[in-house]
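Only one structure is covered here, and it is reproduced in the block below.
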Amino acid sequence: MIPIKNPEAIRRMREACAIAATILARLKAQVRPGITTYDLDQIGRDLISSFGARSAPYGYKHGSGRPYPAYTCLSVNEEVVHGIGSLKRILRDGDIISVDVTIEYNGYIGDNAVTVPVGAIAPRVAELLQVTEAALHLGIKQAAVGNRIGDISHAVQTYVEAHGFGIVREMVGHGVGRQMHEEPQIPNFGRKNSGEKIKPGMTLAIEPMVNLGGPAVRTLGDGWTIVTTDGQPSAHFEHTVLTTDSGPEILTIPRAT
Ligand code: MF3
Ligand code: CO
Ligand code: CO
């Protein structure tokens, strides 16, 4: 069963998501050639604390592995998601970096990500970014009351594959609320009219992860960083969305400053 949020939970989700989006906007503005991903993560840490929020990934455990050691997820080029900021990873002209900010504020979680170019990037890589972001928005459109979760998945898959890119299957979108990962799972591939029915009051993180080359990925020895097996670049865009009777509403929109 997919949790339905009551009005108070929705109020808090709005707050948390607005903060997550404002932090993401400010952090992505710091991306430039020469900066290390460690420095970006430290900036992320400071931004999160300046809002009185908490990093949801920091200290997060899955399975028996070591807790996630960074405040944000910073994934460069062939890194798909869950990259850990490092002094050794210096951004260079022509790179891309996926910035994923997940925060908890007042008991609720906002989750959002973008992939941004570092300087000038190759045309096919620019297309990868455009297609992944457009796929996210096509998926969001399907998060309509009366549709099913599979309609989101199908819309993303169809569009991405039509452009010849590879869809990552090992990681999926998800419900989000008091917990970072709630029901349902939202794969970026699937069949129309499959899965649970969408009702008002669901908060869903929709997040296509798309590879320039093949869909295969593996985990690095740090236990977290997911990379493409073929070493080609990967993009990731994510929003937290509220389902309503008047259509899907993106909650991860920055506050006017
Ligand atoms: N932000 C990620 C997501 O979109 C979750 C972070 S996983 C962590 O689901 F392990 F880094 F916390
Ligand atoms: Co995320
Ligand atoms: Co997510």
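Counting begins at 1 with the first residue of the sequence.
Residue Phe51 qualifies as enclosed at atom CZ: its count of foreign heavy atoms under 6.0 Å is above 12. Crowding of Gln185 atom CD: a count of heavy atoms from other residues, nucleotides or ligands under 6.0 Å not exceeding 12. Within a 6.0 Å radius of CZ in Arg191, no more than 12 heavy atoms belonging to other residues, nucleotides or ligands are found. Within 6.0 Å of OH in Tyr105 there are 12 or fewer heavy atoms belonging to other residues, nucleotides or ligands.
Rounding to the nearest 0.5 Å places OG1 of Thr203 at 4.0 Å from CE of Met13. Between the OH atom in Tyr159 and the CG atom in Leu136 there is a gap of 11.5 Å [rounded to 0.5 Å]. In this structure, Ile35 CD1 and Arg92 CZ are separated by 14.0 Å, a value rounded to the nearest 0.5 Å. Residue Leu242 holds its CG atom at 9.5 Å from NZ of Lys5, rounded to the nearest 0.5 Å.
Remark: the Asn112 side chain and the Glu238 side chain contain no N/O donor-acceptor pair separated by less than 3.5 Å.
Ile140 and Ile186 fall within the same hydrophobic cluster, where Ile, Leu, Val, Met, Phe, Trp and Tyr residues are linked whenever their side-chain heavy atoms come under 4.5 Å apart, directly or through other members. Hydrophobic clustering (side-chain heavy atoms under 4.5 Å, transitive across Ile, Leu, Val, Met, Phe, Trp, Tyr) keeps Tyr38 apart from Trp224. Neither Tyr68 nor Ile103 shares a network with the other; the hydrophobic side chains, linked directly or stepwise wherever heavy atoms of I, L, V, M, F, W or Y lie under 4.5 Å apart, form separate groups for each. When hydrophobic clusters are built by joining Ile, Leu, Val, Met, Phe, Trp and Tyr residues whose side-chain heavy atoms come closer than 4.5 Å, directly or via intermediates, Val176 is grouped together with Tyr60. The hydrophobic cluster containing Val101 also contains Val114, counting ILVMFWY residues as joined when their side-chain heavy atoms lie under 4.5 angstrom apart, directly or transitively.
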Do Arg124 and Leu128 pass the side-chain contact (heavy atoms from CB on, under 4.5 Å) test, and can you show the C-alpha distance, the side-chain angles, and the key distance before you say yes or no?
-> CA-CA 6 Å; Arg124 181 70 175 153; Leu128 173 71; over 6 Å; no
Determine, step by step, whether Ile2 and Ile149 satisfy the side-chain contact (heavy atoms from CB on, under 4.5 Å) criterion, reporting the C-alpha distance in whole Å, the side-chain angles of both residues, the deciding distance to 0.1 Å, and the verdict.
-> CA-CA 10 Å; Ile2 305 176; Ile149 294 298; 4.1 Å; yes
Should Val227 and Leu220 be marked as a side-chain contact (heavy atoms from CB on, under 4.5 Å) after you check the CA-CA gap, both sets of side-chain angles, and the distance that decides it?
-> CA-CA 7 Å; Val227 296; Leu220 292 186; 3.8 Å; yes
Go through the steps for Asp111 and Thr240 under the test side chain to side chain donor-acceptor pair (under 3.5 Å), then give the verdict.
-> CA-CA 6 Å; Asp111 189 5; Thr240 301; 5.5 Å; no
Trace of the salt bridge (Lys or Arg N to Asp or Glu O under 4.0 Å) decision for Arg14 with Glu249 | CA-CA 10 Å; Arg14 284 186 190 288; Glu249 181 188 343; 2.5 Å; yes
Worked verdict on Glu79 versus Val76 for side-chain contact (heavy atoms from CB on, under 4.5 Å) = CA-CA 5 Å; Glu79 296 174 350; Val76 180; 4.1 Å; yes
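Considering every non-hydrogen atom in both Ser55 and Ile48, the closest pair reads N-CG2, 3.7 Å. When every heavy atom of Leu251 is checked against every heavy atom of Cys17, the shortest pair comes out as O-CB, 3.3 Å. A pairwise comparison of heavy atoms in Thr102 and Pro57 identifies O-CD, 3.3 Å as the closest pair. In this structure, Ala16 and Gly110 approach most closely via the heavy-atom pair CB-N, 3.9 Å. Taking each heavy atom of Ile253 and Ile250 in turn, the nearest pair found is CG1-O, 3.5 Å. The nearest pair of heavy atoms linking Leu47 to Ser50 is O-OG, 2.7 Å.
Between Thr72 and Asp100, every side-chain heavy-atom pair lies at or beyond the 4.5 Å cut-off. At a threshold of 4.5 Å between non-hydrogen side-chain atoms, the residues Ile152 and Ile198 count as touching. At least one side-chain heavy atom of Val118 sits less than 4.5 Å from a side-chain heavy atom of Ile97. Side-chain contact between Thr252 and Leu24 is absent, with no heavy atoms from C-beta onward closer than 4.5 Å. Put simply, the side chain of Val160 does not reach to within 4.5 Å of the side chain of Asn188, judged on heavy atoms. Contact of the Leu91 side chain with the Pro33 side chain is not registered, since no non-hydrogen atoms from C-beta on lie closer than 4.5 Å. In this structure the side chain of His82 never reaches within 4.5 angstrom of the side chain of Thr225, judged on heavy atoms. The closest side-chain heavy-atom distance from Asp41 to Leu74 is below 4.5 Å.
For His236, the side chain to side chain donor-acceptor pair (under 3.5 Å) partners two or more places apart in sequence, or in a different chain, are Glu207. With sequence neighbours left out, the side chain to side chain donor-acceptor pair (under 3.5 Å) criterion links Ser75 to no other residue. For Arg169, the salt bridge (Lys or Arg N to Asp or Glu O under 4.0 Å) test picks out Glu161, with sequence neighbours left out. For Gln30, there are no side chain to side chain donor-acceptor pair (under 3.5 Å) partners two or more places apart in sequence or in a different chain. Under the side chain to side chain donor-acceptor pair (under 3.5 Å) criterion, Ser153 pairs with no residue at all, not counting sequence neighbours.
Formation of a donor-acceptor pair under 3.5 Å by the Glu104 side chain with backbone atoms of Gly107 is found in this model. Not one N or O on the side chain of Thr219 forms a donor-acceptor pair closer than 3.5 Å with the backbone of Gly223. A donor-acceptor pair under 3.5 Å is absent between the side-chain atoms of Gln157 and the main chain of His154, judged by distance alone. With hydrogens and angles ignored, the 3.5 Å screen pairs no side-chain donor or acceptor of Asn77 with any backbone N or O of Asp95.
When hydrophobic residues (I, L, V, M, F, W, Y) are linked wherever their side-chain heavy atoms come within less than 4.5 Å, the members clustered with Val217 are Val80, Val81, Val168, Met171, Met209, Ile226.
Salt bridge annotation for Arg12-Glu15: absent, with no cationic side-chain nitrogen under 4.0 angstrom from a carboxylate oxygen. A salt bridge does not link Arg178 with Glu8: none of the charged nitrogens is closer than 4.0 Å to a carboxylate oxygen.
Each of Asn211, Val210, Thr132 was checked for a side chain to side chain contact (heavy atoms under 4.5 Å, CB included) with Phe165, and the lone residue meeting it is Val210.
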